[in-house]
Amino acid sequence: MTHPDDAQRLQALSELQILDSGVEAAYEDIVALACQLTRAPVAFITLADRQRLWFKACQGMTVAEVPADASLCHLAIRTPRQPFLVEDLQRDPRVSHLRAAPGLERMRAYLGIPLLDRHGVALGTLCVMDDRVRRFEAAQVDNLQRLARQVIILLQQRETLRQLEELDINFSAFMNNGPFIAYIKDRDWRYRYVNEPFLQQLELTRDEVLGQDDFTIWPEAAPRFRQVDEQVMNELKPSRLVERMTAPDGRRLFWQSYKFPLVTRQGIALAGLSVDVTEHIEQQHMLEASQRQLLDMMQAAEQRSVTDALTGLFNRRAFDLRLAEHLRRAEDQGTPLSMLLIDVDHFKTYNDAFGHQAGDTALQTVSQLLLQSCRDNDACFRYGGEEFAILLSGADLTAAHLVAERCRAAVANHAWSRRAVTLSVGIATYRTGMDAYTLTEGADRALYAAKNAGRNRIAAEPGP
Ligand SMILES: Nc1nc2c(ncn2[C@@H]2O[C@H](COP(=O)(O)OP(=O)(O)OP(=O)(O)O)[C@@H](O)[C@H]2O)c(=O)[nH]1
């Protein structure tokens, strides 16, 4: 018949892993003492398994196990808080239903002390038996109870040891199979613990690492590691950082590390966990590089979209944008603004005489001369084929005249190798209410006037 305690007892026995375990001197000593203290010829430490009584230690005779329905101990553990005492096994009605235990048929008296675990569950007994009918004195019962407490302590130690072993197995499995390296360093920065991935990463054995410091293990990265380690130990605060190092095969590695002070029996140590984030960092670097490339390309495209390919000056699109900007400023802030429209004189004949390519070169030279004749914040544009424009922010008519004259003279006085080149320049100066069209039209009219007046000269709109 099952009892409510059976499941707990069987579970506890299974966790202890004691059934069918080998002979252990400590248990043997206890049964030997039990015989002496009770003057009984036979003593056992028994454990009550489901179908059998198993004997952990025997004195006086050796029995491996007996069936549960022949087991006095299975009865004894039903009253776990008190000794189970039978003076005459053949006459006691409490045991008359039991089968004779094989090997123990001659036994006539029994004294069993239930062995309780820390939850109060009886697992078995420390018992003595005698082959004659007898009483047990109170002192003998007392002594057997004291010995039983020693058995219980041994069982508890066994349980603690099992738990520690299990913890150790779990800890090792966790530390050695995770995707991280882990280590503990002492106050002299020497490695006291490292996990398997750490060793695999370094291609070193545990003996080669333990007791060494970073200057032996990672000479290249050691100064950087040491700096962070010292900070953690001085401030006793954790640190999270990305560390860089070189693998034994020369690969550059990045580790996301978490370092923290750890209280150990030997004092405060430094513990660290690191995860390999090389792939992630490399992807990030690649992403940043392509973002920079993209930005450069966009800036270059933006630059191209406002630059004239032949002369390198701003193009007509840029002229329209900049003019709108300057006009806004002139209108909002009253800043003076002048525009020069410049046309190369008789350029058709230059092309006709020397060819289109020579004409291109001449246009490039004109561009450089115009640029040299302006200040940095004056903007020079190729307005059309052989036409140029200059926007002079802050320049009134007089100032614009000076610039126009510098441009004209620079080109006229240049040492042209094939033929002299001259410019005609039209100036228009902003007056309140003018828009881009009227200002440009004014400059164009002035340019036309300069052409009509004989070229290589300057005219302004409105005229004098
Ligand atoms: N080589 C070269 N020639 C160009 C370029 N753009 C325009 N031209 C030439 O510039 C000449 C302009 O001629 P026209 O508009 O008749 O005027 P012009 O001969 O300069 O005479 P005026 O302007 O009246 O002094 C044409 O022959 C165009 O082919 C260019 O990019 N390269």
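The basis for the numbers below is simple: all heavy atoms, side chains too, and nothing from hydrogens, waters or symmetry mates. Counting starts at 1 for both ligands and their atoms, following the listed order. Note that the structure is predicted; figures quoted are calculated from it, not measured.
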**Student:** Please list, in number order, the atoms of ligand 1 under 4.0 Å from a heavy atom of Gly385.
**Tutor:**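 Those qualifying, in numeric order: 6 (N), 7 (C).
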**Student:** Going by the atom numbers of ligand 1, which of them fall below 4.0 Å from some non-hydrogen atom of Asp343?
**Tutor:**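 In order of numbering, the contacting atoms are 23 (O).
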**Student:** Between Asp345 and ligand 1, does any nitrogen or oxygen pair lie at a separation below 3.5 Å?
**Tutor:**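 No; every N/O pair is 3.5 Å or more apart.
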**Student:** Which residue owns the protein heavy atom closest to atom 29 (O) of ligand 1, what's the atom, and how far is it?
**Tutor:**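 Sorting protein heavy atoms by distance from atom 29 (O) of ligand 1 puts Asn351 ND2, 3.8 Å first.
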**Student:** Anything under 30° is parallel, anything over 60° is perpendicular, the rest tilted; go ahead and classify Tyr183 against Tyr191.
**Tutor:**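 Perpendicular, since the angle between the ring planes exceeds 60°.
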**Student:** Any non-hydrogen side-chain atom of His326 less than 4.5 Å from a side-chain atom of Met339?
**Tutor:**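 Counting from C-beta outward, His326 and Met339 never come under 4.5 Å.
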**Student:** How long is the straight-line distance from CD of Gln303 back to CG of Asp296, given to the nearest 0.5 Å?
**Tutor:**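 Between atom CG of Asp296 and atom CD of Gln303 there are 12.5 Å.
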**Student:** Would you call the rings of Phe171 and Tyr193 parallel, tilted or perpendicular, where under 30° means parallel and over 60° means perpendicular?
**Tutor:**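 Because their plane-to-plane angle lies in the 30° to 60° range, the rings of Phe171 and Tyr193 count as tilted.
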**Student:** Is Arg252 salt-bridged to Glu220, cutoff N-O under 4.0 Å?
**Tutor:**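 Salt bridge absent between Arg252 and Glu220.
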**Student:** For the OG atom of Ser367 and the CD atom of Gln372, what is their distance to the nearest 0.5 Å?
**Tutor:**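 Atom-to-atom, Ser367:OG and Gln372:CD are 11.0 Å apart.
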**Student:** In terms of residue, atom name and distance, what is the protein heavy atom nearest to atom 32 (N) of ligand 1?
**Tutor:**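 Of every protein heavy atom, Asp360 OD1, 2.7 Å lies nearest to atom 32 (N) of ligand 1.
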**Student:** Counting each atom of ligand 1 from 1 as listed, which ones have a heavy atom of Gly359 under 4.0 Å away?
**Tutor:**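 Those atoms are 1 (N).
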**Student:** For atom 18 (P) of ligand 1, what's the nearest protein heavy-atom neighbour? Residue, atom name and distance, please.
**Tutor:**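 Ranking protein heavy atoms by distance from atom 18 (P) of ligand 1, first comes Phe347 N, 3.4 Å.
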**Student:** Using a strict cut-off of 4.0 Å, indicate which atoms of ligand 1 neighbour a heavy atom of His346.
**Tutor:**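 So the atoms of ligand 1 that pass are 18 (P), 19 (O), 20 (O), 21 (O), 22 (P), 25 (O).
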**Student:** Among Glu387, Lys348, Gln364, which one has a heavy atom closest to atom 26 (C) of ligand 1?
**Tutor:**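 Minimum heavy-atom distance to atom 26 (C) of ligand 1 goes to Lys348.
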**Student:** With under 30° as parallel and over 60° as perpendicular, where do the rings of Phe381 and Phe314 fit, or are they tilted in between?
**Tutor:**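 Ring orientation, 0 to 90° scale: tilted.
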**Student:** Need the ligand 1 atom indices (1-based, order shown) with element for anything under 4.0 Å from a heavy-atom of Arg455.
**Tutor:**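 Those of ligand 1 that fall under 4.0 Å from Arg455 are 22 (P), 24 (O), 25 (O).
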**Student:** Ignoring angles and geometry beyond distance, decide whether Thr349 reaches within less than 3.5 Å of ligand 1 through its nitrogen or oxygen atoms.
**Tutor:**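 Looking only at distances, the answer is no, because the N/O contact criterion of under 3.5 Å is not met.
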**Student:** For ligand 1, which atoms sit closer than 4.0 Å to a heavy atom of Arg382?
**Tutor:**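 This gives 5 (C), 6 (N), 30 (C), 31 (O) as the contact atoms.
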**Student:** Of all the non-hydrogen atoms in the protein, which one sits nearest to atom 22 (P) of ligand 1, and at what distance?
**Tutor:**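 So the nearest neighbour among protein heavy atoms is Lys451 NZ, 3.4 Å.
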**Student:** May I ask you to say whether Glu461 pairs ionically with Arg431, meaning some side-chain N is under 4.0 Å from a carboxylate O?
**Tutor:**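 No salt bridge links Glu461 with Arg431.
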**Student:** Could you check whether Arg226 makes a cation-pi contact with Phe215, meaning its NZ or CZ is under 6.0 Å from the centre of the six-membered ring and within 45° of the ring axis?
**Tutor:**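 So Arg226 doesn't make the cation-pi contact.
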**Student:** Below 4.0 angstrom from a heavy atom of Val344, which ligand 1 atoms are there? Numbered from 1 as shown, please.
**Tutor:**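 Close to Val344: 20 (O), 23 (O), 25 (O).
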**Student:** Would you call the rings of Tyr350 and Phe347 parallel, tilted or perpendicular if under 30° counts as parallel and over 60° as perpendicular?
**Tutor:**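 Rings of Tyr350 and Phe347: parallel, under 30°.
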**Student:** Among all protein heavy atoms in this structure, tell me which lies nearest to atom 15 (O) of ligand 1, with the distance rounded to 0.1 Å.
**Tutor:**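 The closest one turns out to be Glu386 OE2, 3.9 Å.
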